[in-house]
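Side chains are part of it too, since the values below use all heavy atoms of this structure and drop only hydrogens, waters and symmetry mates. Here the structure is a predicted model, which means the values were calculated and not measured.
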Amino acid sequence: MNMKTVEGLVGARSNINLSDTAMGVYRQAMQKGDTATAERALGYAGDMTDQAEAYEAKAEEGMKADAKEMKEKAKADQEKIIEKRKEEQKELEARIEESRKPDGDTVEISGEGTPVSAGTAGTSGTDTSGSSDAAASGADTSEMPPVVYNSAGETTPQEAPAQAEISVVV
């Protein structure tokens, strides 16, 4: 709360209370018929009312300043929220872009069943890069046993099912 608001509210309340006291003295003086005291008390009451009005104006100035400060604070908070949302949007777009990229290396397999890499592209299964992969060893992919991949990416060999015999009698 702005200090002008506090000062204005406290000052106005104090002056209204003093005005009420002066008006009480005015009423008692009128009942007794003492016009000089009544006029003096009425003058004090008027002065206190004028001061209360001045303090009221000061309180209104303070309240306007408070309202302006609150608007500025709300605007700053709104800008912070907008900036935070923009940053979150950028992070989300970055994550989406990352998810679109392949996670690992890619392997191309030629029509003969041998892996094709940048070093072996255009050759017929000979490895010019010096690596010892399946193409260099001459292993045929059709002879490889079937495997099962778990969620961790590890492989476990899977036994080939035995040949089933089915007979149908009609």
Side-chain angles (χ1 to χ4, degrees), residues 1-111 115-122 128-131 133-135 141 146-158:
M1 185 177 272
N2 193 326
M3 283 305 294
K4 282 187 175 182
T5 306
V6 173
E7 184 180 346
L9 293 174
V10 170
R13 180 67 182 161
S14 297
N15 282 304
I16 291 297
N17 287 342
L18 291 173
S19 173
D20 288 343
T21 303
M23 287 303 291
V25 171
Y26 168 77
R27 287 185 197 101
Q28 287 178 355
M30 286 302 286
Q31 286 178 351
K32 293 180 183 176
D34 187 4
T35 56
T37 304
E39 287 178 11
R40 198 172 46 235
L42 194 57
Y44 289 140
D47 290 343
M48 294 300 129
T49 303
D50 292 341
Q51 287 181 1
E53 289 174 1
Y55 278 115
E56 181 182 2
K58 187 179 268 190
E60 286 177 4
E61 288 175 16
M63 287 189 280
K64 286 179 183 177
D66 282 342
K68 182 178 178 182
E69 184 179 316
M70 292 297 284
K71 285 181 183 178
E72 289 173 0
K73 185 178 179 182
K75 185 176 180 180
D77 289 344
Q78 186 70 18
E79 289 175 358
K80 285 180 184 178
I81 290 170
I82 290 171
E83 186 64 31
K84 184 178 178 182
R85 294 240 171 99
K86 285 181 181 179
E87 289 176 11
E88 289 173 354
Q89 182 68 25
K90 287 179 183 178
E91 290 175 9
L92 179 63
E93 289 173 1
R95 281 190 274 153
I96 289 172
E97 188 65 31
E98 283 293 320
S99 69
R100 289 182 182 163
K101 293 180 181 177
D103 289 339
D105 295 334
T106 57
V107 176
E108 295 180 27
I109 300 182
S110 67
V116 177
S117 65
T120 62
T128 59
S129 64
S131 65
D133 59 349
T141 57
V147 292
V148 176
Y149 290 92
N150 63 13
S151 62
E154 299 169 346
T155 60
T156 56
Q158 182 180 13

Separation between CD of Glu72 and CG of Asp77, rounded to the nearest 0.5 Å: 12.0 Å

Ala45 backbone acceptor or donor facing Thr49 side chain under 3.5 Å: yes

Straight-line distance of Lys73 NZ to Met70 CE, nearest 0.5 Å: 6.0 Å

Inter-residue atom distance Gln51.CD - Asn15.CG, 0.5 Å rounding: 4.5 Å

Steps toward side chain to side chain contact (heavy atoms under 4.5 Å, CB included) verdict (Leu92, Glu88): CA-CA 6 Å; Leu92 179 63; Glu88 289 173 354; over 6 Å; no

For the student: nearest non-hydrogen atoms of Thr5 and Met63, plus distance: OG1-N, 3.1 Å

Gap between atom CG of Asn2 and atom NZ of Lys58 - 0.5 Å precision: 11.0 Å

Rounded distance [0.5 Å steps], NZ in Lys90 versus CD in Glu97: 15.5 Å

Distance, nearest 0.5 Å, that separates CG of Asp66 from NZ of Lys71: 12.5 Å

Nearest atoms (heavy-atom pairs only) where Met23 meets Leu42: SD-CD1, 4.1 Å

Where Gly62 and Lys4 come nearest, the two heavy atoms and their spacing: CA-CB, 3.8 Å

Test item: Asp34 side-chain N/O and Ala29 main-chain N/O as donor-acceptor pair under 3.5 Å: no

Taking every non-hydrogen atom, the tightest pair across Ala22 and Tyr44: CB-CB, 4.0 Å

Side-chain touch Arg85/Gln89, heavy atoms, less than 4.5 angstrom: no

